[in-house]
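A quick write-up on the structure given underneath.
Just so it is clear, the structure is predicted and the values come from calculations on it, not from any experiment.
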Amino acid sequence: MSKLNKATFEGIGIHTGKVCKIEVYPSDKGLWIKKGDMIFSNFQDMAIHSENATVLENCYFRLSTVEHLLCALAMLNVNDAVIEILQGEEIPILDGSAIKFFKKLSDVFSKKNKKNIFKSIEKPILYKEDESFIYLFPYKRFELRVYLDYTSKGLGLLSDEFIFGRDKRESILNSRTFGFLSDYDLLKSKGKAMGASLDNVLVFDEKGHPLRRMRSSKEASRHKILDLIGDLYLNGFLPRAQIVAVRPSHKINTAVSKMLNKI
């Protein structure tokens with residue numbers, strides 16, 4: 001089967017609620033964002049603080065919710081790609097996971113586009129903020145373990161792990177973004193989650209019960225792994241490290257990504 005030369009993604013942005021459209025295709029070298037005639041690299045330098053999504057912004061464009069697409073590229077071992085913004089300020093949320101990005105991009109990026117995406121680190125890295133932290137210990141491969149505390153939301157204590165090359169990529173890619181019914185009105189009041197629905201978000205009620213069937217019993221913790229992989233991939237590589245992430249968030253994920261860029 002012949003490969004496509006690009007993949008087009010169009011749909012609602014989860015936070016703006018507006019239609020967004022992008023194209024993704026191979027580049028000669030590195031990760032790039034294209035808007036009109038302008039093209040930008042060094043994603044980690046454009047990452048700004050955001051609570052509910054990873055946002056890239058400069059004087060010429062704003063692009064939110066990049067983490068799912070970046071996770072799909074990482075899982076494909078692709079770090080030479082152009083993301084061209086055709087409409088809107090978000091990556092389309094699609095079904096809330098990264099599986100649709102992964103499947104469609106698999107038809108664009110051939111074996112020749114896939115390279116070594118791993119980079120060794122020489123010493124441990126620790127980033128801590130309030131009750132959250134991420135610790136990276138140099139290792140021969142990428143291993144990630146997350147620990148989450150949602151006792152106040154009815155989900156209890158959650159944990160999961162992903163080892164690149166050992167575990168099935170689809171188990172992570174197929175996990176949808178999730179939220180809580182109790183947070184919905186607050187998010188709306190902040191102008192967020194305007195495009196959220198039960199079709200693109202796994203929603204839990206006040207007792208921690210999902211409003212619709214979960215794709216796996218570990219879908220929430222696996223989505224946190226998805227988000228962290230996508231955020232670390234702002235640099236276009238993943239560290240060879242054993243990583244422990246306790247209560248990770250986009251804020252501390254992107255902070256660690258910026259630290260990795262300086263090693």
Residues, nucleotides or ligands: over 12 heavy atoms within 6.0 Å of K114 NZ:
yes

Scanning both residues in full, the closest heavy-atom pair of D231 with S257 reads O-OG, 3.2 Å

For C20 and G88, which heavy atoms make the closest approach, and how far apart are they?
SG-CA, 4.3 Å

Between R222 and D167, does at least one N-O distance fall below 4.0 Å, as a salt bridge requires?
no

Rounded to the nearest 0.5 Å, how far apart are CG of L234 and CG of N42?
11.0 Å

Would you check if there is a donor-acceptor pair between the side chains of T151 and D149 at a distance under 3.5 Å?
yes

What residues, two or more places apart in sequence or in another chain, satisfy side-chain hydrogen bond (donor to acceptor under 3.5 Å, both in side chains) together with Q44?
N261

So T65 and I14, do their side chains get closer than 4.5 Å, heavy atoms only?
yes

Can you tell me how far the CG atom of L76 sits from the OG atom of S110, to the nearest 0.5 Å?
11.0 Å

So, applying side-chain contact (heavy atoms from CB on, under 4.5 Å) with H223, which one of H68, R215, K218 is it?
H68

Heavy-atom count around N116 CG within 6.0 Å, excluding the residue itself: above 12?
yes

Donor-acceptor contact present, side-chain K258 to main-chain L260, <3.5 Å:
no

A side-chain contact here means heavy atoms from C-beta on lying under 4.5 Å apart; do I83 and I91 qualify?
yes

Report yes if the side chains of I117 and F142 come closer than 4.5 Å at any heavy-atom pair, otherwise no.
no

When rounded to the nearest 0.5 angstrom, what is the spacing between CG in N174 and CZ in F102?
11.5 Å

Does a side chain donor of either Y25 or E23 reach within less than 3.5 Å of an acceptor in the other side chain?
no

Testing the basics here: between I22 and I85, what is the closest heavy-atom pair and its distance to 0.1 Å?
CG2-CA, 4.3 Å

How far apart are the closest heavy atoms of A7 and F9, and which atoms are they?
CB-CE1, 3.8 Å

Indicate, with yes or no, if F40 and V24 share a hydrophobic cluster defined by side-chain heavy-atom contacts under 4.5 Å among Ile, Leu, Val, Met, Phe, Trp and Tyr.
yes

Interatomic spacing from OG in S120 to CZ in R240 - rounded to 0.5 Å
4.5 Å

Step by step, work out the side chain to side chain contact (heavy atoms under 4.5 Å, CB included) result for N253 and T54.
CA-CA 9 Å; N253 295 353; T54 300; over 6 Å; no

Answer yes or no for K35 and F61: cation-pi contact, defined as NZ/CZ to six-membered ring centre under 6.0 Å and angle to ring axis within 45°.
no

Do L232 and L144 have side-chain heavy atoms sitting under 4.5 Å apart?
no

Do L228 and Y135 belong to the same hydrophobic cluster, where Ile, Leu, Val, Met, Phe, Trp and Tyr are linked whenever their side-chain heavy atoms lie under 4.5 Å apart, directly or via other members?
no

Nearest 0.5 Å, please: how far is CG in L238 from NZ in K119?
12.0 Å

Are more than 12 heavy atoms from other residues, nucleotides or ligands located less than 6.0 Å from atom CZ of R166?
yes

What is the distance from atom CG of L73 to atom CD1 of I229, rounded to the nearest 0.5 Å?
12.5 Å

Under 4.5 Å between side-chain heavy atoms, counting indirect links through other Ile/Leu/Val/Met/Phe/Trp/Tyr residues: same cluster for L105 and L94 or not?
yes

Ionic contact status for K224 with D160, cut-off 4.0 Å:
no

Looking at E129 and I252, would you say the former's side chain and the latter's main chain have a donor-acceptor pair under 3.5 Å?
no

Using a strict cut-off of less than 4.0 Å between a Lys/Arg side-chain nitrogen and an Asp/Glu carboxylate oxygen, indicate whether R176 and D95 qualify as a salt bridge.
no

Atom of I121, atom of A241 and distance for their closest heavy-atom approach
CD1-CB, 3.9 Å

Using a 3.5 Å distance criterion without hydrogens, assess whether the side chain of K104 forms a donor-acceptor pair with backbone atoms of T8.
yes

Check the surroundings of atom NZ in K188: do more than 12 heavy atoms from other residues, nucleotides or ligands lie under 6.0 Å from it?
yes

Ring-ring centroid check Y150 F204, cutoff 6.0 Å:
no

Side-chain heavy-atom pair I99, K103 within 4.5 angstrom cut-off:
yes

How would you list, by chain and number, every residue that makes a side chain to side chain contact (heavy atoms under 4.5 Å, CB included) with L198, sequence neighbours excluded?
V203, L211, R212

Are L126 and V256 connected into the same hydrophobic cluster when the rule is that any two of I, L, V, M, F, W, Y join if their side-chain heavy atoms are below 4.5 Å apart?
no

Co-membership, hydrophobic cluster, residues I225 and L148, 4.5 Å side-chain
no

Please name the pair of heavy atoms, one in A220 and one in L158, separated by the smallest distance, quoted to 0.1 Å.
CB-CD1, 4.2 Å

Chi angles and distances behind the side chain to side chain contact (heavy atoms under 4.5 Å, CB included) call for E51, K192
CA-CA 10 Å; E51 293 180 356; K192 296 181 178 179; 4.3 Å; yes

Pairs where residues 54-74 contributes a residue and the test salt bridge (charged side-chain N to carboxylate O under 4.0 Å, His left out) is met, not counting sequence neighbours
E57-R62

Neighbour count >12 (heavy atoms, 6.0 Å) for atom CD, E122:
no

Residue pair R145 / I163, side-chain heavy-atom distance below 4.5 Å:
yes

Heavy-atom side-chain contact between F164 and M75 under 4.5 Å
yes

Pairwise side-chain contact, Y233 with C71, heavy-atom cut-off 4.5 Å (strictly under):
no

